[in-house]
Structure formats: structure tokens, C-alpha cells
Amino acid sequence: MHQTPIDTGWVEVICGPMFSGKTEELIRRLRRAELARQKVQSFKPSRDNRYDATQIVSHSQQRRDGHAVESSADLRAAVLPDVQVIGIDEVQFFDAGIVEVVDTLATQGKRVLVAGLDQDYLGRPFEPMPQLLAIAEYITKTLAICMVCGNPAGRSQRLVQTGDRVLVGSHDSYEARCRKCYDPAAGKETP
Ligand code: ADP
Ligand code: MG
Ligand code: ZN
């Protein structure tokens, strides 16, 4: 971001595969906003209960308090009127309504940061991330390290076979892979 906007809200998206540092980057930006004495609220979907029920936790165990919500409507209802900065982690787990909620909050003058996966375990765009990328002012794509060859990794390799699009997990069920080393068939359910 070259020039910080004044007197207006905006949307920042942080996206990439698992283990690429999305949550670390979100926590870093929210901490800086707090240092600047801005009023910050952070949210996550209650579906993501990997490390903690309410806290936002990175794979590197950085953490901050968050508010776990079931849906985009619940998130909207929990936003305090005087909040200036809103962070949302694991945004791909929200319903499609999150796009309008994020857009409306930014139009109301709030800085809205969202972090989440841009692709699912088959490498397909993970809705609602494409829609959020379309309405965002600022986009950061983070890459992990490929666990096979060490190249920059943009894919999340599922290590267990299941047909479910959502399988909440960590090192036990996923690893970061580059384009070359990624094998979608390995994560697909065998018929
Ligand atoms: P994300 O939110 O994108 O899943 P996190 O911010 O929670 O990522 O965690 C990033 C951290 O994950 C890194 O700082 C590092 O400690 C750890 N990590 C584990 N595996 C990898 C990997 N393959 N590439 C990069 N970082 C990894
Ligand atoms: Mg994360
Ligand atoms: Zn690789």
C-alpha cells in the first residue's frame, strides 16, 4: 500500500494456500492498527476450531482474541458501531453473504481485512474468495514452502482421502506443495 487512504474504508485480502502465513500477516496488521490506537475487532468462523474455539491462532502459535461467529449475519450483528478496523480469518468458511457484509462495512468507512484460502484441495477457486478479491482495494498473495522440493508453494495438498470440500485440519491432513509437486488425485476419494 503506497498511500494510506484518509476518511474512507477499504478492503484488504490476504490469500494463499495453507501454511503460507495468512494468519500471521493478519495478526501483524491488526496489532499495528492497535498500536496506532485504532479500535479493532477480529472474527473467525466457529467452524474453525483447530487450535482454539475463539482465538485466532497461526500454525506458528501466534494468537489473538477473536470472536467466533456462525454466519455472515452474526458477524454483521456483532460489529460495534465505533470499530475502525475489522479482521476476519478463514473467510472462505463463511456463507456467500460475507461479500456484501464486507463491502457494506468498508463503504461505511471501516478498514476490513480478510484472510483465507484462495483454492480448495482440488485447486479450484474457493468461494467466496473470488468475489472478495473482486471487491478488494488491496490484495496480498502469500506462498508457503513446498514440502517436497522447497519451491514457493501455492497449493494445499490433502494427505487424507475424503470427498468433503471442507476438512478442517493442520499438519496431520495437509501440506504445502508447489504446482509441480501438487497431486489433486492423492486427496480425492477413491470410488
Ligand atoms: P496460514 O494462515 O496461511 O495457514 P499461518 O500464518 O497459520 O499460515 O502459519 C504460517 C507458519 O506455518 C509459518 O511461519 C511456519 O512456521 C509454519 N509452516 C509450516 N509448514 C510450512 C510450509 N510448508 N511453508 C511455510 N511455513 C510453514
Ligand atoms: Mg490461517
Ligand atoms: Zn515442489
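Excluded from the calculations below are hydrogen atoms, water molecules and symmetry mates; all remaining heavy atoms, backbone and side chain alike, are included. First listed ligand is number 1; within each ligand, the first listed atom is number 1. Everything numeric here is computed off the predicted structure, so don't read it as measured data.
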task: Could you check whether the rings of His67 and Phe43 sit parallel, tilted or perpendicular, using 30° and 60° as the cut-offs?
output: tilted
task: If the plane angle is over 60° it's perpendicular, under 30° parallel, otherwise tilted; pick one for Phe19 and His59.
output: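 It falls in the tilted class, 30° to 60°.
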field: Thr23 and Ser58: side chain donor to acceptor below 3.5 Å
entry: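 Not at all, the side chains of Thr23 and Ser58 share no donor-acceptor pair under 3.5 Å.
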task: Report yes or no: do Gln157 and Arg155 form a side-chain donor-acceptor pair below 3.5 Å?
output: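 No, no side-chain donor-acceptor contact under 3.5 Å.
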task: Determine, for Arg76 against Asp74, whether the closest basic-nitrogen to carboxylate-oxygen distance falls under 4.0 angstrom.
output: no
task: Look at Glu90 together with Arg50 and state whether they make a salt bridge at an N to O cut-off of under 4.0 Å.
output: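 Counted as a salt bridge, because a side-chain N and a carboxylate O are separated by less than 4.0 Å.
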- request: Using the six-membered ring of Tyr121, assess whether NZ or CZ of Arg158 lies under 6.0 Å from its centre and within 45 degrees of the ring axis.
  value: yes
Check each N or O atom of ligand 1 against all protein N or O atoms and list the pairs under 3.5 Å, with atom names and distances to 0.1 Å, one per line.
from: ligand 1; atom 1: 2 (O); to: Thr23; atom 2: N; distance (Å): 3.0
from: ligand 1; atom 1: 2 (O); to: Thr23; atom 2: OG1; distance (Å): 2.8
from: ligand 1; atom 1: 3 (O); to: Ser20; atom 2: N; distance (Å): 3.1
from: ligand 1; atom 1: 3 (O); to: Ser20; atom 2: OG; distance (Å): 3.3
from: ligand 1; atom 1: 3 (O); to: Gly21; atom 2: N; distance (Å): 3.0
from: ligand 1; atom 1: 3 (O); to: Lys22; atom 2: N; distance (Å): 2.9
from: ligand 1; atom 1: 3 (O); to: Lys22; atom 2: NZ; distance (Å): 2.7
from: ligand 1; atom 1: 4 (O); to: Phe19; atom 2: N; distance (Å): 2.9
from: ligand 1; atom 1: 4 (O); to: His59; atom 2: NE2; distance (Å): 3.2
from: ligand 1; atom 1: 6 (O); to: Thr23; atom 2: N; distance (Å): 3.4
from: ligand 1; atom 1: 6 (O); to: Glu24; atom 2: N; distance (Å): 2.9
from: ligand 1; atom 1: 7 (O); to: His59; atom 2: N; distance (Å): 2.7
from: ligand 1; atom 1: 8 (O); to: Gly21; atom 2: N; distance (Å): 3.1
from: ligand 1; atom 1: 14 (O); to: Glu24; atom 2: OE1; distance (Å): 3.3
from: ligand 1; atom 1: 14 (O); to: Glu24; atom 2: OE2; distance (Å): 2.6
from: ligand 1; atom 1: 23 (N); to: Ile145; atom 2: O; distance (Å): 2.9
from: ligand 1; atom 1: 24 (N); to: Ile145; atom 2: N; distance (Å): 2.9
from: ligand 1; atom 1: 26 (N); to: Phe19; atom 2: O; distance (Å): 3.1

Apex the Zn ion (ligand 3); atoms Cys181 SG and Cys178 SG; angle rounded to 10 degrees: 100°
query: Taking it one step at a time, do Lys44 and Ile88 satisfy side chain to side chain contact (heavy atoms under 4.5 Å, CB included)?
result: CA-CA 6 Å; Lys44 68 175 213 173; Ile88 309 172; over 6 Å; no
- prompt: More than 12 foreign heavy atoms under 6.0 Å from CG of Asp82: is that the case here?
  reply: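 Yes.
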- prompt: Protein N, O or S atoms less than 2.8 Å from the Mg ion (ligand 2), ignoring waters?
  reply: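 As for protein N, O or S atoms lying under 2.8 Å from the Mg ion (ligand 2), they are Thr23 OG1.
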task: Apply the side-chain contact (heavy atoms from CB on, under 4.5 Å) test between Arg28 and each candidate in Arg32, Glu24, Arg31; give the one that qualifies.
output: Arg32
